[in-house]
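Position 1 is the first residue of the sequence; numbering continues from there.
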Amino acid sequence: ADAEAFIQGLKDKGSAFFAAFVRIDRIKELNRRVGTRTADLILKDLSTALLELEPEAYLFRWTGPTLLLIMRGSSDEAFGRLDRIRKAAASEARFASPITVSIAIVRGDELRGDALGSLQAAARERLQILDRQGGDAVLDRSEIRIEDRSVILALDPDPIFLDFLVEYLEREGYRTLGAGRGGQALELMDRIRPELVICDLSLPQFADNRLLHSYASGARPGEGTSA
């Protein structure tokens, strides 16, 4: 909630800022190798290192092995600053075990309406792209192309279950994106035209007339979208 209020405040003031989602790559492998307690310590040390590299930034714990860094400044300089962080993390000596990080950048001027929903949708999509590319990289734009192959959109307000579902479908060979709110779902359907939508419409977050209308009318999803 603190991060949401902070981001909305920056957006309302028209401040120039960008958000960076910094995630430790291959966290399950790291947990197996060093144990979850040591992995948690590495995440704390990463937090310290990020603030040392960017002392003017604002840091929030996001979910799992992901940290959210809010930085003021021009989006033109975002990639260079975050790539410097990526390289520093790979060579940081204080970590109990070597790591690499993936960094998804979302510019403040990309956010529409529900600022947090827009932010989460863009970040989740970009981190999934980084996963497919093998991690240890920075991405500042979305690269989903519908002609590549069909896309599944998974919707669930529980971020842990949503991550599990997206990961499972990706492992089975399906390009999958996830959303935790109805607003995010509408935004993604505008852009990616999913072939299939997996959603529990009994959940209040998705029992939304706009969402149902989008299925029925086909105005947002592509032709033949199944739900």
Side-chain angles (χ1 to χ4, degrees), residues 3 19-40 42-43 46 60-69 86 89 97-106 116-146 148-189 191-203 205-206 221 225-227:
F21 289 79
V22 183
R23 187 183 62 191
I24 297 177
D25 293 327
R26 294 173 287 281
I27 187 63
K28 291 180 181 178
E29 178 184 319
L30 181 67
N31 284 335
R32 286 195 297 268
R33 191 169 69 245
V34 302
T36 55
R37 181 172 297 181
T38 300
D40 284 342
I42 291 173
L43 186 63
L46 177 61
F60 299 90
R61 177 74 184 266
W62 201 244
T63 59
T66 305
L67 301 169
L68 171 59
L69 203 61
R86 178 190 65 81
S97 180
I99 63 167
T100 61
V101 297
S102 294
I103 304 177
I105 303 172
V106 183
L116 186 65
S118 295
L119 183 71
Q120 289 175 322
R124 185 181 297 278
E125 181 179 348
R126 290 167 198 180
L127 287 170
Q128 289 170 12
I129 293 168
L130 287 165
D131 276 345
R132 289 193 289 270
Q133 293 175 344
D136 192 18
V138 179
L139 185 64
D140 60 356
R141 64 187 184 281
S142 298
E143 297 175 341
I144 289 291
R145 296 290 182 269
I146 297 311
D148 290 344
R149 60 187 165 101
S150 299
V151 178
I152 294 175
L153 178 60
L155 311 179
D156 198 280
D158 182 337
I160 296 175
F161 179 76
L162 183 60
D163 285 343
F164 167 79
L165 181 58
V166 169
E167 182 180 333
Y168 173 79
L169 291 168
E170 286 275 338
R171 196 165 57 242
E172 293 297 312
Y174 299 102
R175 174 165 291 185
T176 308
L177 297 176
R181 296 185 179 192
Q184 290 175 259
L186 290 170
E187 181 179 337
L188 283 170
M189 284 192 286
R191 291 194 292 112
I192 68 172
R193 296 184 178 275
E195 183 75 15
L196 173 70
V197 177
I198 300 175
C199 175
D200 182 352
L201 290 176
S202 67
L203 295 170
Q205 291 87 344
F206 300 113
T225 295
S226 301

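Paired with Val138 under the rule side-chain contact (heavy atoms from CB on, under 4.5 Å), one option of Leu130, Val22, Ile103, Val101 passes, and it is Ile103. Remark: of the listed residues Leu169, Leu153, Leu155, Leu169 is the sole one forming a side-chain contact (heavy atoms from CB on, under 4.5 Å) with Ile198. Residue Ile99 is tested with Ile27, Ile42, Asp136 for a side-chain contact (heavy atoms from CB on, under 4.5 Å); the sole match is Ile42.
Contact record, Ser102 with Gly135: OG-CA, 3.2 Å, taken as the closest heavy-atom pair. A pairwise comparison of heavy atoms in Ala154 and Thr176 identifies CB-CG2, 4.3 Å as the closest pair. The two residues Leu119 and Ala19 have their closest heavy-atom pair at CD1-CB, 3.6 Å. Contact record, Ser97 with Arg33: OG-NH2, 3.0 Å, taken as the closest heavy-atom pair. When all heavy atoms of Trp62 and Ala3 are compared, the closest pair comes out as CZ3-CB, 4.3 Å. The shortest non-hydrogen separation linking Ala104 to Ala123 is CB-O, 4.2 Å.
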**Request:** Could you go through the side-chain contact (heavy atoms from CB on, under 4.5 Å) check for Arg124 and Asp163 one step at a time?
**Result:** CA-CA 9 Å; Arg124 185 181 297 278; Asp163 285 343; 2.6 Å; yes

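Residues Asp131 and Glu167 form no side-chain contact, since every pair of their non-hydrogen atoms from C-beta on lies 4.5 Å or further apart. Contact check for Arg61 versus Leu43: side-chain heavy atoms found under the 4.5 Å cut-off.
By the salt bridge (Lys or Arg N to Asp or Glu O under 4.0 Å) test, Arg26 pairs with no residue at all, sequence neighbours left out.
The backbone N or O of Ile105 sits nowhere less than 3.5 Å from a side-chain atom of Asp140 that would complete a donor-acceptor pair.
Classified by interplanar angle (parallel below 30°, tilted 30° to 60°, perpendicular above 60°), the ring pair Phe164/Tyr168 is parallel.
Once rounded to the nearest 0.5 Å, the distance linking OG1 of Thr66 with CZ of Phe21 reads 8.5 Å. A distance of 10.0 Å separates OG1 of Thr100 from CZ of Arg23, quoted to the nearest 0.5 Å. Remark: Glu29 CD to Ile24 CD1 distance equals 12.5 Å, nearest 0.5 Å.
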